[in-house]
Amino acid sequence: MELILTDLIWQACLILKGQNDLIVDIDKDSIVIEKPKNLSFGDFSCGLAFKLSVKNKKSPLDIANIIQQVLVAKITEYQNYISQISVSKPGYINFTVSQGYLLSILDEILNDGDNFGRSKYKDKFLIEYVSANPTGPMHIGHARNAVFGSCLSNLLKFAGFYVEEEFYINDTGQQIIKLGKSLLVCYRRECGNLDYNYDDDSYPESLLIDTVRQILHDHKNSLSNLTDDQLSVSLAKLFMELTINSQKEELEQLNINFNTWFSEKTLHDNGSIDEMLDLLKANNMTYELDGALWLKSKDLGDERDRVLIKNNGHLTYLAVDAAYHLNKYKRGFDKIINIWGADHHGQIPSLAAVLKALDCNVDSFKVILTQMVNLTKNGEILRMSKRMGTVVTLKEVLDEVGSDAMRYFLIESSPSNSINFDLELAKQASSENPIFYIQYAHARSSSIMRKAMSLSPSYNLLNSSVKEIYAICKSNKDIIENVFENDNEKYNLQKKIILELAYFKTLVQESANSYLPHRIAHFAYELAYDFQKFYENSKVLYSDNINLSLARILFVLAIRTVIGNCLKILGISAPEKM
RNA sequence: GCGCCCGUAGCUCAGUGGAUAGAGCCCCCGCCUUCUAAGCGGGUUGUCGUUGGUUCGAGUCCAACCGGGCGCGCCA
C-alpha cells in the first residue's frame with residue numbers, strides 16, 4: 001500500500017508541476033508514507049505539504065488541500081483500495097483504505113501461509129557467534145550472544161538470504177597450554193600426589209574438578225603411564241572435547257544449531273597463518289622491531305601499530321584472527337558478520353586494519369556488539385567472578401527458565417542496550433513474561449480450530465494447511481463477504497489487525513536490513529494483544545451458521561499464520577495447547 | 001586522558017525526523033453458565049539526563065557537558 005500511495009502522490013506532484021501553481025522541487029524518494037498514531041485520522045498519512053510549504057510561502061494546510069484535490073480526481077483508478085482522502089491540520093494528507101484492500105492482504109497471507117513475508121535475495125551471509133572458549137562453561141553473556149545470533153540468522157533466512165552459522169573454537173594457543181598445566185596439577189592431586197601445586201594464574205580448581213573426576217573415571221588406564229608433558233596435553237584435549245560437547249548440547253536445548261564448528265587448530269595445521277603473514281609481508285604492511293613482527297595498522301585507521309608475532313615467537317590473538325577472517329573471505333560470502341560481546345569492541349579497529357592490509361573489502365565485514373547482561377537476584381546485582389566461583393552458568397539459567405522464556409528475555413531488548421536479567425523473576429516467569437502471552441494467543445487460535453472441527457466435521461480444518469482451507473472458502477462469496485464485522489468498532493479493530501499483518505512484510509525487511517531482530521518480538525506482542533481484543537469482541541464460531549464461522553476462521557488463521565512466522569524467527573515454540 | 005554503549009513513568013523497556021511520547025510489571029476497581037480468565041475493560045504515572053544547534057517539525061540528527069557501564073597489553 002505504501003508503494004501505491006507513493007506512486008499516487010508522485011503522479012499528483014507531476015500534474016502540479018505542469019500547472020506551475022506550486023513549486024514542487026522534490027524527488028520521489030522524499031515522499032514518505034507513514035501510519036498515523038491516532039487511527040481516527042486515517043490508515044496512512046503523508047507530510048509532504050510541510051516540505052513544500054517553505055518555498056511556496058503558503059501554509060502546509062493550503063498546500064495539502066491543493067494536493068488532495070488532485071488526488072481525489074485520480075482516485076477512481078484506485079477505488080478498490082482507497083475509500084477516502086482527507087486533509088487534517090496542521091497539513092497532513094490522510095488516506096483511508098477500503099475493504100477491498102483488506103481482502104487482498106488476507107488473500108495474500110492465506111495463499112502464502114508459512115511463506116508470508118518471505119522474499120528472495122542472492123546475498124550469502126556468514127554469521128559467527130557465541131565462539132565461547134572450550135576452557136569452561138558458558139555463562140549468561142554467551143547466552144545473549146547465542147540467542148541474538150540465532151534470531152538474526154533466522155530473520156535473515158526468512159528475509160530471503162542464504163545464511164551459514166558458525167562457531168569458532170579457540171582450541172589451541174597459550175590458554176590451552178595453561179589449561180593443560182592446571183589440569184595436570186588437578187589430576188595428580190586428585191590421585192593423591194600433593195607435590196603438585198597450582199600457579200598463581202592457574203584455572204581455579206573448582207572449575208576443573210568435576211571434569212577431571214570424570215576423565216579419571218573414563219580414561220584412568222590409558223593415562224596412567226604418561227609423562228607430565230604428555231598427560232597435560234591429553235588432559236587438555238579430553239577436557240575440551242567434553243566442554244565442547246556440553247556446549248553443543250546446551251545450545252541445542254536453546255534451539256540453536258550451527259552449520260560449522262570451526263577449529264582454530266586447523267589454521268595452524270594447514271598453513272593458513274603463514275600464508276596470511278606472507279601476504280602481509282608481500283603488501284609491505286609489516287616491519288620488525290625489538291624482536292617482534294608489527295603490523296602497520298596506524299596507516300589503516302587504527303590508533304597505533306600492533307604486534308603480530310611476539311619476541312618470544314608466539315602469535316598474538318590478532319594474527320590468528322586475521323588468518324581466520326582471511327579464510328572467511330576466501331569462502332566467498334557477500335557479508336561476514338561477527339557477533340561479539342561489547343567487552344571486545346576494542347579489537348574492531350585492529351581487525352579491520354589487518355583485513356584492509358590483506359586486500360579484503362572491509363565494507364562487507366561487520367561486527368555487531370551485544371551489550372552486557374547483568375544478573376540480578378531479587379533486585380541485587382550478582383557480581384560474577386571465575387575466581388570466586390560465583391559464575392552463574394547458561395545451563396543453570398536454562399534449566400530453571402526453559403528455552404522459550406530464556407530466548408524471549410534475551411531477544412526483547414536492542415543489542416546495544418544492556419540487559420538486567422533477574423533470576424527470581426525469570427524463574428517465576430509466568431504472567432510476567434510476554435512470551436507466554438504471545439504463545440497463549442497462538443494456542444487460543446488453535447483451540448478455536450479444534451472447537452470448529454467438532455462443530456463441522458465435514459471441513460477437515462485441523463489436518464489441512466491454511467492454503468487448502470482457503471482454497472475451499474475463497475470461491476464462496478457468502479464466506480468472503482462475511483470476514484469483516486458490520487459493526488463499526490469491531491470492523492475498525494479488524495482493519496487495524498489486517499494492516500498490522502500487512503506491515504509484517506515491511507518489518508521483516510526493515511529489521512533484517514538493520515540487524516534488529518528484537519523488533520519482531522515487539523511486533524508479535526502487539527499482534528497477540530490485538531488478537532486477544534478481537535477474541536473478546538467478536539464471536540468466531542456459530543453453531544447455526546457454517547459460512548459465517550468459516551469467514552471468521554479465515555481471519556483467525558491469518559493472524560495465527562503471522563504470529564507463527566514471528567515465533568519461528570524468534571526460535572520459540574508455537575504451542576497448540578497451553 | 002581516549003574510544004564504544006546507555007540515560008524515556010516507581011521498576012524493566014519499546015519508540016530508526018512527523019499529529020496529544022507508549023507497553024509490561026507494580027497499585028486500585030469491575031468482568032468466568034458463553035470459542036482457553038496464562039485472559040478482558042477501566043483508573044493513576046513523564047522537566048524523554050542538561051544546555052545549545054540543524055529543521056516547517058527533534059525522544060529521534062549534530063555539538064558540548066553531567067551521570068552509569070565496558071574497553072584501551074608483545075593477555076586470550
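All values reported here derive from a predicted model rather than from experimental measurement.
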Specify the separation, in whole Å, of atom [atom1] of [X] and atom [atom2] of [N].
X	N	atom1	atom2	value
A:M449	B:C35	CE	P	17 Å
A:I435	B:A14	CD1	C1'	16 Å
A:I448	B:C35	CD1	P	10 Å
A:F50	B:G17	CZ	P	16 Å
A:N537	B:U34	CG	P	19 Å
A:E412	B:C13	CD	P	8 Å
A:I438	B:U36	CD1	P	20 Å
A:L52	B:U55	CG	P	17 Å

Which whole number of Å gives the distance between the [atom1] atom of [N] and that of [M]?
N	M	atom1	value
B:A9	B:C25	C1'	12 Å
B:G15	B:C72	C1'	33 Å
B:C27	B:G68	C1'	29 Å
B:G18	B:A58	P	11 Å
B:G53	B:C70	C1'	30 Å
B:U51	B:G67	C1'	15 Å
B:U12	B:U20	P	29 Å
B:U45	B:C11	C1'	12 Å

To the nearest 0.5 Å, what is the distance between [atom1] on [X] and [atom2] on [Y]?
X	Y	atom1	atom2	value
A:S403	A:Y408	OG	OH	14.5 Å
A:L541	A:K451	CG	NZ	8.0 Å
A:I140	A:I419	CD1	CD1	8.5 Å
A:D199	A:D201	CG	CG	5.5 Å
A:I520	A:F504	CD1	CZ	5.5 Å
A:Y440	A:I563	OH	CD1	13.0 Å

Check every strand shown and say whether [X] touches a base, only sugar-phosphate, or nothing at a heavy-atom separation below 4.0 Å.
X	answer
A:H314	nothing
A:E264	nothing
A:S446	nothing
A:N94	base
A:R519	base
A:L516	base
A:A443	base
A:N312	nothing
A:L289	base
A:N311	base

RNA chain B contacts made by residues 522-536 of chain A, counting heavy atoms under 4.0 Å: A:H522, A:Y525, A:Y529, A:Q532, A:K533, A:Y535, A:E536

Give, ordered by number, those residues of residues 28-41 of chain A having at least one heavy-atom distance below 4.0 Å to an atom of RNA chain B; if nothing qualifies, reply none. A:E34, A:P36, A:K37, A:N38, A:F41

B:A19 base to A:S45 side chain: any donor-acceptor pair below 3.5 Å?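 Result: at least one qualifying N/O pair found.
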
Sequence neighbours left out, what pairs pass side chain to side chain donor-acceptor pair (under 3.5 Å) with at least one residue falling in residues 28-39 of chain A?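 Listed once each, the pairs are A:D7-A:K28, A:D27-A:S30, A:N38-A:S40.
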
By the rule that syn is within 90° of 0, classify the base conformation of B:C28 as syn or anti.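 Judged by the O4'-C1' to base torsion, B:C28 sits in anti, the angle falling more than 90° away from 0.
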
Is the closest basic N to carboxylate O distance between A:E485 and A:K539 below 4.0 Å?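 No, A:E485 and A:K539 are not salt-bridged.
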
Under 4.0 Å between a side-chain nitrogen and a carboxylate oxygen: does that hold for A:E303 and A:K298? no

5′-ward residue of the pair A:N133/A:Y92 relative to RNA chain B: A:Y92

5'-most contact on RNA chain B: A:R304 or A:S413, nearest heavy atom basis? A:S413

Looking at every non-hydrogen atom in both residues, tell me the closest pair between A:A512 and A:A159 and how far apart they are. CB-CB, 3.7 Å

Expected string for nucleotides 1-7 of chain B under the B/S/- scheme (protein heavy atoms, under 4.0 Å, primed atoms plus P, OP1, OP2 as sugar-phosphate) is --BSSS-

Dot-bracket notation for RNA chain B, counting Watson-Crick and G-U pairs under 3.5 Å, with | for partners on another strand: (((((((..((((....[...)))).(((((.......))))).....(((((..]....))))))))))))....

Please confirm whether the shortest side-chain N or O distance from A:K51 to OP1 or OP2 of B:G17 is below 4.0 Å.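 No, because none of the side-chain N or O atoms of A:K51 sits under 4.0 Å from OP1 or OP2 of B:G17.
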
Does A:R444 put a side-chain nitrogen or oxygen below 4.0 Å from OP1 or OP2 of B:A38? no

Is the number of heavy atoms from other residues, nucleotides or ligands under 6.0 Å of [X] [atom1] greater than 12?
X	atom1	value
A:K265	NZ	no
A:K58	NZ	no
A:K181	NZ	no

Check the orientation of A:F523 and A:Y503. Use parallel for under 30°, tilted for 30 to 60°, and perpendicular for over 60°. tilted

In terms of the angle between their ring planes, are A:Y535 and A:F531 parallel, tilted or perpendicular, with boundaries placed at 30° and 60°?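 Aromatic pair A:Y535/A:F531 classed tilted.
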
Would a distance-only check, ignoring hydrogens and angles, find a side-chain to backbone donor-acceptor pair under 3.5 Å from A:D43 to A:T96?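 Checked: no pair found.
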
Going by the rule side-chain hydrogen bond (donor to acceptor under 3.5 Å, both in side chains), which residues pair with A:K533 if we only count those two or more places apart in sequence or in a different chain?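 Result, side-chain hydrogen bond (donor to acceptor under 3.5 Å, both in side chains) vs A:K533: none returned.
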
